[in-house]
Amino acid sequence: MAIPGSELHSQCTLTGKVSGLKPAGAGVKPVQRYPGEKVLAGLPEKPAAVVYLEGDLPNMESTNRVLRVEMTQRDLQFHPGLLPIQVGTTVEFPNLDDTYHNVFSYSKPKRFDLGRYRKDEKPASQTFDKPGVVKLFCEIHEHMRGTILVLETPYFQKTDPEGHFRLENLPAGKFKARAFIDEKTILEKEVELVDGKVTEINF
Amino acid sequence: MFIVVGVTGSSLFIALKKFEEQYQDRMRESLESQISYFQGLQTARLEQIKTKCLELAGSVRILAALQEGDEEILYETAFDELRSIQDTPLRRAQKVLNQESIPLKAAFFRFLDARGNPIPTRNPRAGLHRAKARQMFESQFSSLAQVMKSPSPQHVGYIAPENDEGIVLLHEMVFTRIEDPETHESLGALIVAFPVTNFGERTMKQTSQLMSGIFMEGQLYSRTIPKELVEPILQQLGPQVKQHHHPGAEGEFEIHSRKVPFTVLFRNINENSAFPPTYQLCVYSQAEVLRNQRKLTLLIAGLGGLGLAGAAVFGWILSHGLYVPISELVKGTREVQKGNYGISIPVRSHDEIGHLTSSFNEMTRDLALKEKYRSILDKVSDREVALQLVSGNLSLGGEVKEVSILFCDIRGFTPLTQNMGAEEVIQLLNEHMTALTRVVYAHGGIVDKFVGDLIMAVFGAPKRGTNDTENAVRCGLALISTREELNQRSRYQIRVGVGISTGSVLAGCMGSEDRLNYTVLGERVNLGSRLCGQARPGEILIDETTYERASNMAHAEPVPDLQLKGIEGPVRAYKILAIKNSTA
């Protein structure tokens, strides 16, 4: 929808597919790997990528911004496994398992340690005000991995497990489109967005 | 005795050699069990450390920190996690075993990045403050890329940096690779180092004089090996180590210092490690061993020698005990051989030798007695007869023999000796008979008997001579002349008459079995006797037969026929004048 005061239409669409995603099913099998742990580990979230727009973007303040997001611990896994957020977002970490979890991160953009807490406790939360990749671990369950991608741009989307994405209401212009697959694999493409047009790129 | 010496000597020698061998083996066994005990302790300790390190390497926080690549938080976190190493049951266990308390405080730790380069830190808790030590570490590990790729996740290595007090201290490092358990991606490595406290060095030295140390990269680290041994050890160790560079290698060699031999045992203690091989050395002095050996050798040899000497002395005494009496016996036997029957050997003991000696003495006494009998016999009867008697050839009964019988008596014996004392008479007779007997023997006759002043001789019995009758005649003449000669020297002037008859007589031993006399019997004998009675002083009267037989060699003249007592008819007789001069 049109934002009062803006001159540009944010009516561009970017769509495409990111290939090179790890096939689903790779990772932890639901086995009893922690002696004494009643809860069995479930499968992690299927790998996905995050496609986002970078460049000289007008109006980083986006109405798309979601202020509070959740990253849960369920079946001894982080859900979602990969969470893109915009800088300034607060993330809650509810424990949905019948066991303790201790979420922590040493990543520079955000170092935190939530300590142990159970399901019925008020979930801890953190506000991420620096852009970057934040890797999450659970001290108790060493296999648990989570990634929070803190982005400056409001224009991002997580792909589906096959890698498809569709970003809408994008500003027009020349930008860089990036696809974050993992920390070491960030693909880049130049795009030119035209108002009202659907641009397709594939990574 | 030489055999005894030889056997004893060689058996002693063998016993000694066996003993030496066994002693060496025993020593060796004991040392090796000591060494392996300490090795066992060492290995156990290391295993526990390695396990702990492995745990540590799997810690989520360390993984997270390492992935982040933030040195600060990495070392902080690591220190927190490492705290757990310091208070393990291991420490308590060590105290229970009453060993040296090996402090388990990690001296220092370092992380390596994925490429194997040390992640430097300024965190003091990580240890390794001194720049020099840090440099040593970093240079040693600048090229550990290989180690990172090694299939084994853990390795043991050694390093000897200076500690805070500037003392070179050997450290044992456990290198543990850190990898993401999900992706198995190698993220880096953790090295935790512990100071090596002697590998039980002190205890070993105290209990069994074992010196030990660590050899690494050409350097020897030890607190118990004295300086003078270091050089010789290193000289040999270098090449030896090159020879045995496979994992788990061990070996031994000998060195000499001040003429004392030492045995050096070495063993690779970081098998299968990608780090430079490090060896544990155990050195022990053979001096002690040799000294003990020598002591015991001397003892055995001494005792053996003593025993041998005793045996020798005893043997000598025994043999001497045998030798002397035996040689005396031999000497005695030789004397007897020579004819000295008077010999007697002292009996020295009551054993068989003593019996032998006394038997020998008895034997010689008997022999002496027999000899006495023999000589008496010779004197009492004719030597020839005695011989025949002794040899058993003569017996009762006789044989008819053709003989000449000679009688010779002293003319006027009775008036001559009337006024003489008995002793004088005997002396006279003995002198006379001795001389005449010799003459008879000289002419091959035997003296049959003496009857007072009469001497009766037989020619032709018991053995025939070559010419008995002639011998008799010659004898008769010799008797006369001998008596004449004797008259010149002796104080007794005696004149003799001789009668000779020849013919068949009965000759043999006559008398009883117990008391025999060898004599001749017959009519001819009477004749001879009567003829002698008729002979005038210095005259030899012979009968017909004698005359016939002797006419070739002697001149004889007939005398008027004689009427002789006991013989029928007149007897023709002749008197000897002289020996014919031999013309042939």
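The structure displayed is predicted, hence computed values, not measured ones. Below, read A as the first sequence line, B as the second, and so on, with proteins coming before strands; counting in each chain starts at 1. Just the heavy atoms: all of them, side chains too, but no hydrogens, waters or symmetry mates, feed the values below.
- Note: D113(A) leads D113(A), L136(A), I140(A) in heavy-atom pairs under 4.5 Å with chain B.
- Heavy atoms of S59(B) lying under 4.5 Å from chain A are absent altogether.
- Put simply, the side chain of V60(B) reaches to within 4.5 Å of the side chain of F104(A), judged on heavy atoms.
- Annotation for E142(A) and G58(B): closest pair OE1-O, 4.0 Å, computed over non-hydrogen atoms.
- Note that OG of S107(A) and CD of Q67(B) are 9.0 Å apart. Values are rounded to the nearest 0.5 Å.
- The 12-atom threshold is not exceeded at CD of E72(B), counting heavy atoms of other residues, nucleotides or ligands nearer than 6.0 Å.
- With values rounded to the nearest 0.5 angstrom, I73(B) atom CD1 is found 3.5 Å from R111(A) atom CZ.
- Atom-to-atom distance recorded for L63(B):CG and R145(A):CZ is 6.0 Å, nearest 0.5 angstrom.
- From E76(B), atom CD reaches atom OH of Y106(A) across 10.0 Å, with rounding to the nearest 0.5 Å.
- Comment: R61(B) engages E139(A) in a salt bridge, judged by a side-chain N to carboxylate O separation of less than 4.0 angstrom.
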